[in-house]
Amino acid sequence: MLAIAYGLEKRRKCASMDGLIKLARGIVDEETKPFQKMVGFASLLSLSPKKAKMGIHTLVHHGYLDQIYKEGDYFLRLSKLGRQEAILFLPKLETTSFKESKKAKPTITALPRKGE
């Protein structure tokens, strides 16, 4: 999450909690499309939204992320401490970014008709 916030900061952007989660989980929509090539995008595909929110709350509580109130919502940006940690983890995160979800195996199929 810190690396994603760092990537946004380099682009002079910040995200709400939901925005960070969408980027981490690799959800592509009109809002996230410009960030698909950013380090950290789709790096946490299996992270549940509930666990992601708990993790972000912990990062805020421990001083890695600061909150800004803007446009009726809270947006997150890196603190000095968070920026230092993000820079440390960027090289490792580059190897786990840009993945795609595995194609799900079919779980429902048509029954063959009699005589087939």
Side-chain angles (χ1 to χ4, degrees):
M1 292 296 179
L2 295 177
I4 293 168
Y6 181 77
L8 289 171
E9 182 180 271
K10 288 177 67 175
R11 290 164 175 77
R12 303 196 44 76
K13 304 280 183 192
C14 61
S16 67
M17 185 180 297
D18 291 331
L20 281 179
I21 293 168
K22 283 190 338 185
L23 292 169
R25 296 184 69 216
I27 297 170
V28 180
D29 60 16
E30 288 302 313
E31 190 175 37
T32 61
K33 197 178 272 188
F35 306 104
Q36 282 183 279
K37 298 200 184 294
M38 184 175 73
V39 172
F41 186 83
S43 58
L44 300 169
L45 293 174
S46 62
L47 184 66
S48 74
K50 183 177 180 179
K51 286 188 179 185
K53 286 181 181 185
M54 289 181 352
I56 291 171
H57 281 297
T58 301
L59 292 171
V60 170
H61 179 74
H62 289 288
Y64 292 99
L65 292 172
D66 293 327
Q67 294 180 330
I68 338 167
Y69 189 76
K70 185 177 178 184
E71 300 175 19
D73 200 359
Y74 285 96
F75 290 83
L76 301 162
R77 68 176 176 199
L78 287 174
S79 66
K80 185 177 179 181
L81 178 63
R83 192 172 300 104
Q84 291 170 346
E85 291 297 315
I87 291 169
L88 284 175
F89 287 100
L90 279 175
K92 181 178 182 185
L93 192 60
E94 287 175 355
T95 62
T96 61
S97 299
F98 319 115
K99 293 181 179 176
E100 292 183 12
S101 299
K102 293 180 182 175
K103 301 293 181 199
K105 293 180 187 176
T107 57
I108 300 173
T109 188
L111 288 172
R113 295 179 185 215
K114 289 184 178 181
E116 287 184 30

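Numbers here simply count residues along the sequence, with the first being 1.
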Chemist: Which pair of heavy atoms, one from K53 and one from D18, lies closest together, and at what distance?
Modeler: CE-OD1, 3.5 Å

Chemist: What's the separation between atom CG in L44 and atom NZ in K51, rounded to the nearest 0.5 Å?
Modeler: 12.0 Å

Chemist: For V39 and Y6: C-alpha separation, side-chain torsions, deciding distance, then whether side chain to side chain contact (heavy atoms under 4.5 Å, CB included) applies.
Modeler: CA-CA 9 Å; V39 172; Y6 181 77; over 6 Å; no

Chemist: How far apart are the closest heavy atoms of L45 and A42, and which atoms are they?
Modeler: CG-O, 3.6 Å

Chemist: Is it possible for you to say whether I68 and I4 belong to one hydrophobic cluster, with membership spreading through side-chain heavy-atom contacts below 4.5 Å?
Modeler: no

Chemist: Among the clusters formed by ILVMFWY side chains lying less than 4.5 Å apart, do I27 and L76 turn up in the same one?
Modeler: no

Chemist: Rounded to the nearest 0.5 Å, what separates atom OG in S46 from atom CZ in R25?
Modeler: 9.0 Å

Chemist: Determine whether F89 and L78 fall in the same hydrophobic cluster, where Ile, Leu, Val, Met, Phe, Trp and Tyr are linked whenever their side-chain heavy atoms lie under 4.5 Å apart.
Modeler: no

Chemist: Are any non-hydrogen side-chain atoms of L8 and L23 less than 4.5 angstrom apart?
Modeler: yes

Chemist: Measuring only between side-chain heavy atoms, which start at C-beta, is L65 closer than 4.5 Å to R77?
Modeler: no

Chemist: Rounded at 0.5 Å granularity, tell me how far NE2 in H62 sits from CG in L81.
Modeler: 11.0 Å

Chemist: Measuring from L2:CG to E9:CD, what's the distance to the nearest 0.5 Å?
Modeler: 11.0 Å

Chemist: Nearest 0.5 Å, what's the CG-OH distance between D66 and Y74?
Modeler: 13.0 Å

Chemist: How about CD on E31, more than 12 heavy atoms from neighbouring residues, nucleotides or ligands closer than 6.0 Å, or not?
Modeler: no

Chemist: Given the rule that I, L, V, M, F, W and Y join up when any side-chain heavy atoms are under 4.5 Å apart, are M17 and L47 in one cluster?
Modeler: yes

Chemist: Roughly how far apart are D29 CG and K22 NZ, rounded to 0.5 Å?
Modeler: 3.5 Å

Chemist: Look at atom CZ of R83 and say whether more than 12 heavy atoms of other residues, nucleotides or ligands are closer to it than 6.0 Å.
Modeler: yes

Chemist: Counting distance only, does the side-chain N/O of S79 pair as donor-acceptor with the main-chain N or O of Y64 below 3.5 Å?
Modeler: yes

Chemist: Test of understanding: clusters of I, L, V, M, F, W, Y form through side-chain heavy atoms closer than 4.5 Å, transitively. Do M38 and F75 belong to the same one?
Modeler: no

Chemist: What closest approach, in Å, do G40 and S43 show between heavy atoms, and which atom pair accounts for it?
Modeler: O-OG, 2.7 Å

